[in-house]
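Note that the coordinates shown come from a computational prediction; the quantities given were computed from them, not determined experimentally. Numbering of residues begins at 1 and proceeds along the displayed sequence.
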Amino acid sequence: YLGADNTFSPLSEDEFLTESQSLNLAYKGYFLFVSSIEPRKNLDRLLDAYLAYRCSCIAEPLPLIVTGAPGWKSRDLHVRLQRLEAHSDVRYLGYVNQSLLPTLVAGARSLLYPSLYEGFGLPVLEAMQSGTAVMTSRWSAMPEVTGEAAIHIDPRNVDDMAEKIADLAQDRFLAQRLAGKGLQRSNAYSWENCVDITLNAYKNSQI
């Protein structure tokens with residue numbers, strides 16, 4: 001198990017607004033996707049789900065902020081992101097400096113992380129440690145990392161994703177409950193524990 005940097009921690013609304021003035025974002029008023037842009041991160045389906053949520057939304061939809069550097073096979077996705085930026089509530093920030101990323105994570109209503117495969121899924125831990133609700137896949141490593149502190153979705157089911165996005169947008173108390181569970185869950189992870197367990201593994205493997 002990995003750990004998250006200590007810069008990922010909860011922020012008050014005043015702290016968030018002070019540190020994110022250039023972004024023009026409302027505190028707990030947006031969804032966030034953090035990852036390199038590549039097929040296994042499942043961004044294409046997430047965009048489909050977000051647009052379905054947006055079309056069905058009665059109130060003002062929460063924007064989706066997408067961050068991450070270009071990865072492999074991402075050209076078509078970047079073309080789509082450019083098109084969506086012009087006609088919807090999707091904003092692509094590209095690579096975000098590490099000094100700003102903790103602020104973005106802490107200020108989000110929820111991290112949306114429907115990855116198809118992860119060895120660990122560090123962004124979900126960073127979000128939990130920041131007091132931010134998490135929606136992630138019920139596949140791969142993410143359920144083991146998050147336990148009951150996240151909403152788990154079928155990452156190939158766009159309708160499932162869209163429904164859960166709507167739930168998080170409409171029910172602020174749901175997001176707050178998940179954030180509280182996430183903070184508690186994140187206490188089980190640290191780089192110190194990672195180092196201790198790794199060293200013990202080496203010691204126990206010696207013949």
> Looking only at heavy atoms, which two atoms of Val145 and Arg185 are closest? And how far apart?
Replying inline: O-NE, 3.0 Å
> Atom OH in Tyr50, atom SG in Cys55: separation rounded to 0.5 Å?
Replying inline: 10.0 Å
> What pair of heavy atoms forms the shortest contact from Arg109 to Arg172, and how long is it?
Replying inline: NH2-NH2, 3.1 Å
> Given Leu111 and Val34, is the side-chain contact (heavy atoms from CB on, under 4.5 Å) satisfied, shown in steps?
Replying inline: CA-CA 8 Å; Leu111 175 77; Val34 176; 4.1 Å; yes
>> Check this for me: Asn187, atom CG, are more than 12 non-hydrogen atoms of other residues, nucleotides or ligands nearer than 6.0 Å?
In response: yes
>> Between Asn42 and Pro114 (side chain of the first, backbone of the second, donor and acceptor by atom type, cut-off under 3.5 Å), is there such a pair?
In response: yes
> Where is the tightest heavy-atom contact between Leu25 and Phe16, given as atom of each residue plus distance?
Replying inline: O-CE2, 3.5 Å
>> Between Ser74 (side chain only) and Leu77 (backbone N and O only), is there a donor and an acceptor less than 3.5 Å apart?
In response: no
>> With side-chain hydrogen bond (donor to acceptor under 3.5 Å, both in side chains) as the criterion, how do Glu118 and Tyr113 come out once you've worked through the C-alpha distance, each side chain's angles and the decisive distance to 0.1 Å?
In response: CA-CA 11 Å; Glu118 294 292 332; Tyr113 197 75; 3.0 Å; yes
>> My understanding is that only one of Gln82, His78, Glu85 makes a side-chain hydrogen bond (donor to acceptor under 3.5 Å, both in side chains) with Tyr92; could you say which?
In response: His78
>> I want to check something: taking the side chain as every heavy atom from C-beta on, are Val134 and Met128 in contact at a cut-off of under 4.5 Å?
In response: yes
> Are the side chain of Ser130 and the backbone N or O of Pro10 linked by a donor-acceptor pair below 3.5 Å?
Replying inline: no
> What is the distance from atom CD of Gln184 to atom CD of Glu148, rounded to the nearest 0.5 Å?
Replying inline: 10.5 Å
> Does any N or O in the side chain of Ser110 come within less than 3.5 Å of the main-chain N or O of Thr132, such that one atom is a donor and the other an acceptor?
Replying inline: no
> Are Tyr117 and Leu125 co-members of a hydrophobic cluster defined by side-chain heavy atoms under 4.5 Å apart?
Replying inline: no
> For the side chain of Asp160 and the backbone of Asp154, is there at least one donor-acceptor N/O pair under 3.5 Å apart?
Replying inline: yes
>> Hydrophobic cluster membership, with links at side-chain heavy-atom distances under 4.5 Å among I/L/V/M/F/W/Y: are Leu168 and Met161 in one?
In response: yes
> Any donor and acceptor pair, going by atom type alone, linking the side chain of Gln129 with main-chain N or O of Asp5 inside 3.5 Å?
Replying inline: yes
> Does atom CG of Asp76 have more than 12 heavy-atom neighbours from other groups under 6.0 Å away?
Replying inline: no
> Between the main-chain N or O of Ile37 and the side-chain N or O of Ser35, is there a donor-acceptor pair closer than 3.5 Å?
Replying inline: no
> Looking only at atom types and distance, does a side-chain atom of Tyr27 sit under 3.5 Å from a main-chain N or O of Leu11, one as donor and one as acceptor?
Replying inline: yes
> Minimum heavy-atom separation for Tyr30 to Leu62, with atom names?
Replying inline: CA-CB, 4.3 Å
> Should Leu64 and Leu93 be regarded as members of a common hydrophobic cluster, given that ILVMFWY residues are connected when their side-chain heavy atoms come within less than 4.5 Å of each other, either directly or indirectly?
Replying inline: no
>> Could you go through Ser99 and Asn97, starting from their C-alpha distance and side-chain angles, then the distance that decides it, and tell me whether this counts as side-chain hydrogen bond (donor to acceptor under 3.5 Å, both in side chains)?
In response: CA-CA 5 Å; Ser99 63; Asn97 191 285; 2.9 Å; yes
>> Check whether Arg91 reaches the backbone of Val66 with its side chain - one donor and one acceptor, N or O, closer than 3.5 Å.
In response: no
> Between CG of Leu47 and CG of Leu81, what distance do you get to the nearest 0.5 Å?
Replying inline: 5.5 Å
>> With a 4.5 Å cut-off on side-chain heavy-atom distances among I, L, V, M, F, W and Y, is there a chain of contacts connecting Ile153 to Tyr53?
In response: yes
> Where is the tightest heavy-atom contact between Val124 and Gly121, given as atom of each residue plus distance?
Replying inline: CG2-O, 2.8 Å
> Out of Leu100, Thr103, Asp14, which residue meets the side-chain contact (heavy atoms from CB on, under 4.5 Å) rule with Glu19?
Replying inline: Thr103
> When rounded to the nearest 0.5 angstrom, what distance separates CD1 in Ile165 from CD1 in Ile151?
Replying inline: 10.0 Å
> Has Ile197 got more than 12 heavy atoms of other residues, nucleotides or ligands less than 6.0 Å from its CD1?
Replying inline: yes
> Is there a donor-acceptor contact under 3.5 Å from the side chain of Tyr1 to the main chain of Trp191?
Replying inline: no
> Any link between Met142 and Phe33 through a network of hydrophobic side chains (Ile, Leu, Val, Met, Phe, Trp, Tyr) touching at under 4.5 Å?
Replying inline: no
>> Once rounded to the nearest 0.5 Å, what's the spacing between atom CD of Glu38 and atom CG of Leu116?
In response: 10.5 Å
>> Once rounded to the nearest 0.5 Å, what's the spacing between atom NE2 of His152 and atom OG1 of Thr136?
In response: 6.5 Å
> Minimum heavy-atom separation for Ala133 to Ala175, with atom names?
Replying inline: CB-O, 3.6 Å
